[in-house]
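Below: one structure, written as structure tokens.
Predicted model only: the values in this text are computed from it and were never measured.
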Amino acid sequence: MHEIGIANSIIEAGQTEAARVAGSKLVRVGIRIGALAGVDCDALRFALTALTQGTELDDVDFEIQSCPRRNRCLDCDEVFVTALYSDPCSRCGSETSVLVGGEELDLAYVEVEEP
């Protein structure tokens with residue numbers, strides 16, 4: 001369950017950002033996770049809750065956004081959502097495409113409340 005390590009990194013990044021202004025409070029953290037990132041969103045949500053429960057971060061809102069796999073067609077340049085590597089382009093039907101999204105594991109934003 002590597003989600004605990006990821007959760008720790010997310011919490012540390014949020015705390016680092018909140019520490020930039022003395023007395024500020026971490027309020028919300030946004031995370032984007034791609035379908036191909038190898039991260040279980042439910043396990044990450046559980047880890048974030050377990051690590052912050054009973055601490056000063058207990059009421060921080062961790063918003064996890066799932067991002068689908070996206071391919072770009074090499075013939076018409078359309079970017080389309082797909083479940084399989086071999087799915088044809090949704091616009092022109094071409095079977096030549098490249099992966100352009102779905103592997104992300106991003107800290108999208110950190111929201112802090114200043115004193």
Side-chain angles (χ1 to χ4, degrees):
M1 185 167 165
H2 65 280
E3 283 79 4
I4 290 176
I6 295 168
N8 263 325
S9 296
I10 291 167
I11 291 167
E12 287 175 14
Q15 289 177 313
T16 299
E17 201 58 39
R20 291 178 187 251
V21 177
S24 65
K25 178 182 174 191
L26 186 60
V27 175
R28 184 171 293 130
V29 178
I31 307 132
R32 279 194 296 260
I33 299 175
L36 304 174
V39 176
D40 183 323
C41 291
D42 291 334
L44 179 60
R45 197 170 283 113
F46 176 81
L48 287 166
T49 299
L51 292 171
T52 58
Q53 196 168 31
T55 72
E56 72 274 1
L57 302 174
D58 200 6
D59 58 346
V60 174
D61 181 20
F62 292 98
E63 181 181 283
I64 298 175
Q65 176 186 11
S66 298
C67 302
R69 176 193 179 115
R70 297 174 308 283
N71 282 7
R72 177 182 303 127
C73 177
L74 295 177
D75 290 327
C76 73
D77 213 29
E78 175 79 0
V79 175
F80 57 101
V81 174
T82 180
L84 301 172
Y85 176 77
S86 59
D87 281 348
C89 173
S90 59
R91 182 186 203 186
C92 72
S94 171
E95 294 183 0
T96 57
S97 63
V98 293
L99 178 70
V100 294
E103 297 177 307
E104 51 276 86
L105 176 53
D106 299 330
L107 187 63
Y109 64 88
V110 174
E111 187 178 319
V112 298
E113 187 176 283
E114 294 183 14

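Across every non-hydrogen atom of Asp87 and Ser97, the tightest pair is O-OG, 4.5 Å. Across all non-hydrogen atoms, the minimal contact from Cys73 to Cys92 is SG-SG, 3.6 Å.
Between Arg70 and the options Glu78, Glu104, Glu103, a salt bridge (Lys or Arg N to Asp or Glu O under 4.0 Å) holds for only Glu104.
Contact of the Val39 side chain with the His2 side chain is registered, since non-hydrogen atoms from C-beta on lie closer than 4.5 Å. Side-chain contact check for Leu44 versus Ile33: some heavy-atom pair is nearer than 4.5 Å. Taking 4.5 Å as the limit, every side-chain heavy atom of Pro88 sits out of range of all side-chain heavy atoms of Ser94. With contacts defined as side-chain heavy-atom distances shorter than 4.5 Å, the pair Gln15/Leu57 qualifies. Side-chain contact between Ile31 and Ile6 is absent, with no heavy-atom pair separated by less than 4.5 Å. No side-chain heavy atom of Phe46 sits under 4.5 Å from any side-chain heavy atom of Asp40.
Linking ILVMFWY residues whenever their side-chain heavy atoms come closer than 4.5 Å, directly or via other members, leaves Phe62 and Tyr109 in distinct clusters. One hydrophobic cluster, built from ILVMFWY side chains closer than 4.5 Å, cannot hold both Val60 and Val21; they sit in different ones. One hydrophobic cluster, built from ILVMFWY side chains closer than 4.5 Å, holds both Leu107 and Val112.
Of the inter-residue distances, the one linking Asp59 atom CG with Arg28 atom CZ reads 11.0 Å to the nearest 0.5 angstrom. Considering CG of Leu51 and CG of Asp58, their distance stands at 12.0 Å, rounded to 0.5 Å.
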